[in-house]
Amino acid sequence: MLQSIRGMRDILPGDARRWRIVEDTLRRILESAAYEELQLPLLESTELFTRGVGEGTDIVEKEMYSLTDRDGDGITLRPEGTAGCVRALVQHGLLFNQTQRVYYTGPMFRYERPQKGRYRQFYQVGAEAFGLAGPDVDVELMLLGRRFWQALGVEHLVRLELNTLGTPATRAAFRAALVAYLEPLRERLDEDSRRRLDRNPLRILDSKDPGTRAVLARAPQLPDFLDADSRRHFANLTGMLDELGIAYTVNPALVRGLDYYTQTVFEWVTDALGAQGAVCAGGRYDGLVERLGGKPTPAAGFAVGLDRLVLLHEAVHGALDGAAADVYVCVLEPGHQGYALRLAEKLRAGLPGFRIRVHAGGGKLKNQLKRADQCGARHALLVGDAEVADDAPVLKDLRADLPQRALAVDGIIAALRAGVPD
RNA sequence: GUGGACGUAGCUCAGUCGGUAGAGCUCCGGGUUGUGAUCCCGGCGGUCGUGGGUUCGAGCCCCAUCGUCCACCCCA
């Protein structure tokens with residue numbers, strides 16, 4: 001049987017409703033903070049990501065869907081959104097002497113082994129703020145996160161972790177010190193960490209291996225390498241978080257996988273999703289705009305993992321009401337199909353927001369009512385000889401034991417409008 | 001890329017010691033005229049993931065392969 005390729009999944013009608021709720025909620029909150037939507041291509045030049053995300057990262061080394069275009073150019077299905085967003089704003093001159101606060105949403109692609117909460121095509125909502133260097137913007141981004149979780153009713157499952165990486169110079173100095181410390185102890189590290197020692201030593205801090213953890217206990221600490229400005233930035237940040245009542249824990253092991261981060265990094269994590277804990281992650285990336293050809297521009301942002309957020313929403317709220325229609329029009333004689341379709345059009349015009357489905361394909365009334373019931377409709381309308389003769393279809397409540405009535409169109413509209421509270 | 005578990009009807013699953021497959025749900029038809037959800041009766045539906053092997057005989061044992069899930073790595 002033909003089936004979707006690994007890591008690519010279909011979001012079927014039952015789930016799509018939940019996706020729309022989650023995505024609309026995030027969008028509404030971003031708009032309320034005056035972030036502006038941006039739509040970006042799924043395909044970018046491969047170079048954008050090798051330069052933007054970083055040559056040594058796992059994403060670039062083994063996870064990109066890259067191909068050669070017909071004219072020989074290297075192009076890549078975007079593995080994340082920030083690089084493309086920066087590219088677009090630089091390309092159109094929107095970062096020139098001005099600030100921008102934007103968001104975007106859509107699928108990203110990474111070639112990884114799928115598991116719970118991780119797919120090869122996955123969905124993010126990203127928000128980015130440019131031209132603003134202070135910790136107030138960092139806090140604003142975290143505040144947006146808190147509103148997301150509150151609005152979706154999942155705030156009790158999500159907590160904030162943060163850290164600071166300082167400036168690129170900070171990272172370089174710390175990295176050198178860490179390597180100098182670990183190199184003689186190489187034999188005591190697990191295999192993965194030994195490999196990372198050469199390539200991306202900061203990631204060793206994340207290791208879950210007990211032996212490696214023991215070695216790390218006496219390793220140099222990044223905070224000791226922070227310069228005065230970075231310390232002040234972070235202190236201001238945590239001060240504002242305290243003021244706003246946003247709970248957080250400082251996690252010195254939080255390093256993040258992408259090369260472009262500086263200063264603040266943060267993650268909203270959950271324990272409710274198995275091994276994939278990060279629901280939203282982001283931070284400051286003051287060097288990226290310049291790296292991608294723009295003027296030096298401070299920037300910060302985050303990405304929400306929609307797939308994971310949808311799973312959380314499901315864990316909290318369970319199954320959603322599955323009604324596909326509100327009103328189902330039954331057609332008792334084939335000759336009345338046209339009447340039924342006209343009736344439905346009048347109802348749709350008079351009842352905005354109502355979902356009205358007309359039976360198609362004929363069949364007995366018994367089966368038509370069965371369909372009406374199955375699609376979740378609250379009401380059925382019957383169109384038979386008598387109803388057409390009187391121009392008064394019968395309105396039947398499928399969810400309450402009420403007498404059914406023959407009503408003219410205006411009467412049906414009035415009854416339906418009055419009868420449905422929400 | 002690595003490890004573990006699992007692939008039987010559209011769905012959820014049984015299938016004993018190896019003897020050429022079952023249930024529930026769904027779907028379709030019926031229970032006399034134009035009334036659904038419940039109930040009763042009947043029916044459709046399977047290359048047991050795929051390909052080899054062992055055997056008189058394989059859903060069951062062996063090998064390979066594909067797929068799914070979970071975990072590692074890493075990440076949203």
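As a basis for the values below, the full set of heavy atoms in this structure was taken, side chains included, without hydrogen atoms, waters or symmetry mates. Here is how names work: the chains are called A, B, and so on, in the same order as the sequence lines, proteins then strands, and each is numbered from 1. Remember, it's a predicted structure, so these values are computed and weren't measured experimentally.
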Exercise for the section: Under 4.0 Å between any heavy atoms, over every strand shown, what does Lys364(A) touch: base, sugar-phosphate, or nothing? Just pick one. Expected result: sugar-phosphate
Practice task
For A9(B) versus G59(B), give the span between their P atoms, rounded off to a whole number of Å.
Solution key: 14 Å
Exercise for the section: Return the stacking result for A76(B) and Phe122(A): yes when the ring centres lie under 5.5 Å apart and the planes under 30°, no otherwise. Expected result: yes
Completion exercise
Whole-Å distance, Asp401(A) CG to U38(B) P, equals 17 Å
Exercise for the section: Considering only NZ, NE, NH1 and NH2 on the basic side and carboxylate oxygens on the acidic side, decide whether Arg27(A) and Glu31(A) come within less than 4.0 Å. Expected result: no
Practice task
Can you tell me, in whole Å, how much space there is between the C1' of C61(B) and that of U68(B)?
Solution key: 24 Å
Practice task
Using only side-chain N and O atoms of Arg6(A), determine if any of them is under 4.0 Å from OP1 or OP2 of U68(B).
Solution key: yes
Exercise for the section: Please determine if Lys62(A) and Glu112(A) form a salt bridge, counting it only when a charged side-chain N lies under 4.0 Å from a carboxylate O. Expected result: no
Handout entry: Span that lies between the P atom of G43(B) and that of G24(B), in whole angstrom
Key = 12 Å
Practice task
Answer with base, sugar-phosphate or nothing: what part of the nucleic acid does Gly117(A) contact at a heavy-atom distance below 4.0 Å?
Solution key: base
Handout entry: Base partner of C25(B), which must satisfy Watson-Crick or wobble distances under 3.5 Å
Key = G10(B)
Exercise for the section: Would you indicate which nucleotide in A76(B), G36(B), G1(B) comes nearest to any side-chain atom of Leu398(A)? Expected result: G36(B)
Exercise for the section: Using both distances under 3.5 Å as the test, list the Watson-Crick or G-U wobble partner of G3(B), or none. Expected result: C70(B)
Practice task
Compare side-chain N and O positions of Lys366(A) against OP1 and OP2 of G30(B) and report whether any pair is under 4.0 Å apart.
Solution key: no
Exercise for the section: Have a look at Leu382(A) and say if it touches a base, only the backbone sugar-phosphate, or nothing, with a 4.0 Å heavy-atom cut-off. Expected result: base
Practice task
Answer yes or no for Arg9(A) and Tyr119(A): cation-pi contact, defined as NZ/CZ to six-membered ring centre under 6.0 Å and angle to ring axis within 45°.
Solution key: yes
Handout entry: Minimum-distance nucleotide (side-chain atoms of Arg113(A) versus A76(B), G1(B), G67(B))
Key = G1(B)
Problem - G49(B) to G7(B) separation - P atoms, rounded to the nearest Å - result: 8 Å
Problem - Check: U35(B) base within 3.5 Å donor-acceptor of Gln404(A) side chain - result: yes
Practice task
Determine the Euclidean distance between corresponding C1' atoms of C13(B) and C48(B); express it in Å to zero decimal places.
Solution key: 13 Å
Practice task
Return the 5'-most residue of the pair Ala281(A), Asp397(A) with respect to RNA chain B, ranking by each residue's nearest nucleotide.
Solution key: Asp397(A)
Problem - Base partner of C61(B), which must satisfy Watson-Crick or wobble distances under 3.5 Å - result: G53(B)
Exercise for the section: Step through it carefully: locate the ring centre of Tyr35(A), locate the ring centre of Tyr103(A), and say whether they are under 6.0 Å apart. Expected result: no
Handout entry: Main-chain N/O of Leu157(A) paired to Thr270(A) side chain as donor or acceptor, under 3.5 Å
Key = yes
Exercise for the section: Classify the nucleic acid contact of Ala278(A) as base, sugar-phosphate or nothing, counting any heavy atom under 4.0 Å across all strands shown. Expected result: sugar-phosphate
Problem - Shortest side-chain distance from Lys116(A), nucleotide among A71(B), G34(B), A76(B) - result: A71(B)
Exercise for the section: Would you mind checking if Asp271(A) and Arg159(A) are paired as a salt bridge, meaning a charged N to carboxylate O distance below 4.0 Å? Expected result: yes
Fill in the blank from the handout: To the nearest angstrom, the CD1-C1' distance between Ile5(A) and G67(B) comes to 14 Å
Practice task
Give none if U47(B) has no partner; otherwise give the nucleotide forming a Watson-Crick or G-U wobble pair with it, both distances under 3.5 Å.
Solution key: none
Practice task
Answer with base, sugar-phosphate or nothing: what part of the nucleic acid does Gln368(A) contact at a heavy-atom distance below 4.0 Å?
Solution key: nothing
Practice task
Quickly work out the Leu365(A) CG to A37(B) P distance and round it to whole Å.
Solution key: 12 Å
Practice task
For nucleotides G18(B) and G53(B), find the distance between their C1' atoms and express it as a whole number of Å.
Solution key: 15 Å
Fill in the blank from the handout: Paired with Asp326(A), the salt bridge (Lys or Arg N to Asp or Glu O under 4.0 Å) test is passed by just one of Arg348(A), Arg399(A), Arg355(A), Arg357(A), namely Arg355(A)
Practice task
Taking only the side-chain heavy atoms of Arg399(A) (C-beta and beyond), determine which of G36(B), C69(B), U35(B) contains the nearest atom.
Solution key: G36(B)
Problem - Out of G36(B), G34(B), C28(B), whichever nucleotide has its closest atom nearest the side chain of Arg371(A) - result: C28(B)
Exercise for the section: Mind calculating the distance between NZ (Lys62(A)) and P (C72(B)) to the nearest angstrom? Expected result: 14 Å
Exercise for the section: Choose from A76(B), C70(B), U35(B) the nucleotide whose nearest atom is closest to any side-chain atom of Gln115(A). Expected result: C70(B)
Exercise for the section: Provide the distance between the two C1' atoms, one in C25(B) and one in U32(B), to the nearest whole Å. Expected result: 29 Å
Exercise for the section: Considering only atom P, compute the distance from C60(B) to C6(B) and round it to an integer number of Å. Expected result: 15 Å
Practice task
Taking the six-membered ring for Trp and the single ring otherwise, decide whether the centroids of Tyr123(A) and Trp19(A) are under 6.0 Å apart.
Solution key: yes
Exercise for the section: Identify whether any heavy atom of Tyr119(A) sits under 4.0 Å from a base atom; if not, whether one sits that close to sugar-phosphate; answer base, sugar-phosphate or nothing. Expected result: base
Exercise for the section: Could you tell me whether Glu183(A) and Arg186(A) make a salt bridge, using a distance below 4.0 angstrom between a side-chain N and a carboxylate O? Expected result: yes
Fill in the blank from the handout: When rounded to whole Å, the CD to C1' distance for the pair Glu63(A) and G1(B) reads 11 Å
Problem - Residue whose closest nucleotide on RNA chain B lies nearer the 5' end, Gly274(A) versus Ala303(A) - result: Gly274(A)
Practice task
Grab the CG-P distance between Leu273(A) and C70(B) for me, whole Å please.
Solution key: 10 Å
Practice task
Report the distance from atom CD of Gln3(A) to atom P of C66(B), rounded to the nearest whole Å.
Solution key: 13 Å
Handout entry: Atom-to-atom span, CG of Leu332(A) to P of U33(B) - whole angstrom
Key = 14 Å
Practice task
Can you figure out which of U26(B), C72(B), G29(B) approaches the side chain of Ala275(A) most closely?
Solution key: C72(B)
Practice task
Return the nearest nucleotide to the side chain of Ala386(A); candidates are U26(B), G67(B), G34(B).
Solution key: G34(B)
Exercise for the section: State which of C28(B), C75(B), C70(B) makes the closest approach to the side chain of Arg110(A). Expected result: C75(B)
Handout entry: Nearest-nucleotide pick for Glu387(A), side chain only, options being G67(B), A76(B), G34(B)
Key = G34(B)
Exercise for the section: Compare side-chain N and O positions of Asn367(A) against OP1 and OP2 of U35(B) and report whether any pair is under 4.0 Å apart. Expected result: no
